[in-house]
Amino acid sequence: MKCRHALLPALLCHLLPLLQAEPVQVAVLPAKIVPEQATTLHLENGIVSQLALHTDRLEAGATIAVLNEERTAQEREEMELKVAREEMRLRDELRKLQNQRSKVEFFLKLSPRERQYASRVNAEDPPPTPESLNDIDSRIALLKREMNSSPRLMRQEFERNHAKLTLKMPFTGRLQYHFTLPRDPSAPFEFHNLPGRPFASVCDDSAFYITINLSKAELTQLPEQNFSVSIALPEGKSLTGQFARRSVEKNNSSGGDMLVYHFRIPDADRETAYNMLGSNAKAQLIYDAGDNVQYVSKLELIAHPEAAECESWEQLVQRVYPAHHLILIGERNIILRPRKD
């Protein structure tokens, strides 16, 4: 790093002594505000009705919009007629089987001489046997199963095919449309959208997070619960977050993976966080090393005679403070901890 030439500023006259333990700003990084979960919803072109107000907070399962409601009602009526016709056909078939069974059962109860006469009367059919009766019973049982399941399966298939025409909230949260609303959203209107463009987006507003991408290995090895972030807002306000979790996510720019830290925003600031969704922000990454540490000003350290011969902060700390471990290099201070050995 060529400490003396690259980092020695005009402020060297204001060297700081060893600082008291306090959180240190590590870096200022690009940040995003994200909800607990979010998704986009798509809808085909057609007549939209029952449009939900996007200003309301909707419960999970609430209807957002219905596509082609009148046509669906007509198709449902046609499906119910088809179900009724199928039920009638199955009942007729059942009666035929039951009638056939009665005849076979009657034949099997006849005496041998009576059976011979009955066979001559119905010579074109083979004489019934007990196996014939068992076969008819199996067909009747199968037909009854079909009578119980066929209407249900037909209705399920209809609902499955038409489910995509009704958009519902996947979870409790807020709704935002991706198109210009008509003058009267409560009345049915014709919807035309560009291919691939979402109809609406939904976010779970039960919690919001400030997210940053940490790529430095030395930072990812530190206790994650000691990190926090802060975003400066107008009028001297700030939006803060405490560490909640981290995850490996896909980097849309490079296509590779990145390590993302999530910092939960206090519930009192959820409305502010919601209004900042989609905006670009800069967050101060802050680290609290706890007790039994020393905070050394970089200005003080670079003024040391050893600085001229050092190529990195690590090397300079090793020479000036050999009895300490280097914990973290912040923007202005370096955190050290005394060695135990």
- Message: Closer than 4.0 angstrom, basic N to acidic O: yes or no for R174 and E271?
- Response: yes
- Query: Within the side chain of R155, is there an N or O that forms a donor-acceptor pair under 3.5 Å with the backbone of M79?
  - Reply: no
- Task: Determine whether Y177 and Y274 fall in the same hydrophobic cluster, where Ile, Leu, Val, Met, Phe, Trp and Tyr are linked whenever their side-chain heavy atoms lie under 4.5 Å apart.
- Result: no
- Are L41 and V66 joined in one hydrophobic group, where the rule is that I, L, V, M, F, W and Y side chains link up if heavy atoms are under 4.5 Å apart? no
- Query: Mind checking whether L219 and L259 sit in one hydrophobic cluster, side chains of I, L, V, M, F, W, Y counted as touching below 4.5 Å?
  - Reply: yes
- Message: More than 12 heavy atoms of other residues, nucleotides or ligands under 6.0 Å from CG of D184: yes or no?
- Response: yes
- Query: What are the two closest heavy atoms between L316 and C310, and how far apart are they?
  - Reply: CA-SG, 3.5 Å
- Can you tell me how far the OH atom of Y261 sits from the CD atom of E224, to the nearest 0.5 Å? 5.5 Å
- Message: Rounded to the nearest 0.5 Å, what separates atom NE2 in H162 from atom CG in L67?
- Response: 10.0 Å
- Query: Can you hop from L285 to V260 via hydrophobic side chains spaced under 4.5 Å?
  - Reply: no
- Message: Under 3.5 Å, is there a donor on one side chain and an acceptor on the other for S49 and E69?
- Response: yes
- Under 6.0 Å between ring centres, would you say that holds for F263 and Y209? no
- Do you know the tightest heavy-atom contact between T63 and K168? OG1-CE, 4.1 Å
- Taking the side chain as every heavy atom from C-beta outward, state whether L143 and L90 have any pair of such atoms under 4.5 Å apart. yes
- Message: Using a 6.0 Å cut-off, check whether atom CZ of R89 has over 12 heavy atoms from anything other than its own residue.
- Response: yes
- Query: Distance from R264 atom CZ to R270 atom CZ, nearest 0.5 Å?
  - Reply: 7.5 Å
- Item | Minimum-distance pair of heavy atoms, taken over all atoms of V26 and F227 | CG2-CE2, 4.4 Å
